[in-house]
Enquirer: 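Have a look at this one.
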Amino acid sequence: MKKFLIAGNWKMNKTESEAAELVEALKAKNITNPEQVCVCVPFTDLRTVKKALEGTGIGLGAQNCHFEESGAFTGEISIPMLKEIGIDYCIIGHSERREYFNETDLTVNKKLKALLQAGITPILCVGESLEIREQGTEQTFVAGQVIADFEGIGPADAAKIVIAYEPIWAIGTGKTATPDQAEEMCAFIRGVLSGIYDNATGDAMIIQYGGSMKAANAKELLEKSDINGGLIGGASLKADDFAAIAGAAAELS
Ligand code: PGA
């Protein structure tokens, strides 16, 4: 059966009280496939959301971490800190972090290794800019990201990583990649992973699409054979929309 993970990326939205309200609204939607759903929230919301999600089966994630366990890294959050809260997932290498916070494939790789060691599932983001897409070199670019980000990670660990293909030109722009464009790149990424590891590893991986996914386009994206879910920004801030996207995955399961 096809695997799905519908992950909400709240980005820098929702104070603690607003987060509690959103989770209550989401719980009221009675999502039928909570094991296929998680929300990745700001650090300051993690404890509140963890408590609010108790007993629902919906997963919890952070949006970044540091790769060192502790030390003089003012303003950073370590994996042991996140582990103690009890998170399941952590987004790594989102294009906004790569663009605005100097995240590189090298730091992404270190973070992936540290998360895997801690038993937290990374959601690794890759994807090309509009400029690269217009040059027609998007596959070379994304393959380069995947190869660098997975450097030194063995097959058993690699299979635990969730990949989110997010074309930067589709994030928050309302411009979704067509289902065919999204499928083409997700299948291509799976092929790259099968090449690095083997077909069984490539086939087992969860590869999401992200970029303006919403209730209205979720089904046509999720029914593509190589798309195992979505990383959802804007639409994850509305309980109705997010629950509808989860519902589309439930129908296809
Ligand atoms: P969007 O964001 O759904 O608002 O386009 C997706 C993301 O950046 O993860």
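Ligands are counted one by one from 1 in listed order, and the atoms in each one are counted from 1 as well.
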Enquirer: Can you tell me if K11 has a non-hydrogen atom under 4.0 Å from ligand 1?
Expert: yes
Enquirer: Is it true that a side-chain atom of Q208 and a backbone atom of V162 form a donor plus acceptor pair closer than 3.5 Å?
Expert: no
Enquirer: Do K110 and E68 meet the salt-bridge criterion of a basic N to acidic O distance under 4.0 Å?
Expert: no
Enquirer: Short list, please: which atoms of ligand 1 are under 4.0 Å from a heavy atom of S212?
Expert: 1 (P), 3 (O), 5 (O)
Enquirer: Please output the side-chain donor-acceptor pairs of residues 211-225 that fall under 3.5 Å, not counting sequence neighbours, one pair per line with the distance.
Expert:
| unit_1 | atom_1 | unit_2 | atom_2 | d |
| --- | --- | --- | --- | --- |
| S212 | OG | A170 | O | 2.8 |
| S212 | OG | G174 | N | 2.9 |
| N217 | OD1 | K214 | N | 2.8 |
| N217 | ND2 | T176 | OG1 | 3.1 |
| N217 | ND2 | S212 | O | 3.1 |
| K224 | NZ | D180 | OD1 | 2.8 |
| S225 | OG | E183 | OE2 | 3.3 |

Enquirer: For ligand 1, indicate whether the residue E166 contacts it via side chain, backbone, both or neither (heavy-atom separation under 4.0 Å).
Expert: side chain
Enquirer: Nearest heavy atom to atom 8 (O) of ligand 1 wins, so pick from E96, H94, Q208, M213.
Expert: H94
Enquirer: With heavy-atom distances below 4.0 Å as the criterion, list the atoms of ligand 1 near L231.
Expert: 6 (C), 9 (O)
Enquirer: Using a plain distance cutoff, I'd like to know if G234 has any nitrogen or oxygen under 3.5 Å from a nitrogen or oxygen of ligand 1.
Expert: yes
Enquirer: Heavy-atom contact check, 4.0 Å cutoff: does A170 meet ligand 1?
Expert: yes
Enquirer: Do the charged groups of E24 and K27 touch, with an N to O distance under 4.0 Å?
Expert: yes
Enquirer: Would you please determine whether G211 falls within less than 4.0 Å of ligand 1 on a heavy-atom basis?
Expert: yes
Enquirer: Are any of the N/O atoms on I171, whether in the backbone or the side chain, positioned under 3.5 angstrom from an N/O atom of ligand 1?
Expert: no
Enquirer: For ligand 1, is there an N or O atom under 3.5 Å from any N or O atom of G233?
Expert: yes
Enquirer: Look at D105 together with R98 and state whether they make a salt bridge at an N to O cut-off of under 4.0 Å.
Expert: yes
Enquirer: Using the rule given for salt bridge (charged side-chain N to carboxylate O under 4.0 Å, His left out), can you reason through E103 versus K111, listing the C-alpha separation, both sets of side-chain angles and the distance that settles it, and then say yes or no?
Expert: CA-CA 10 Å; E103 191 92 71; K111 291 177 183 191; 2.9 Å; yes
Enquirer: Short question: side chain of K83, backbone of A118 - any donor-acceptor pair under 3.5 Å?
Expert: yes
Enquirer: Answer side chain, backbone, both or neither: which part of N9 comes under 4.0 Å from ligand 1, heavy atoms only.
Expert: side chain
Enquirer: Salt bridge check, R190 against D203: does any charged N sit closer than 4.0 Å to a carboxylate O?
Expert: no
Enquirer: Is ligand 1 less than 4.0 angstrom away from at least one heavy atom of A235?
Expert: no
Enquirer: Do M205 and V126 share a hydrophobic cluster (ILVMFWY, side-chain heavy atoms under 4.5 Å, transitive)?
Expert: yes
Enquirer: Can you name the atoms of ligand 1, numbered from 1 with element, that are less than 4.0 Å from a heavy atom of G172?
Expert: 1 (P), 4 (O), 5 (O)
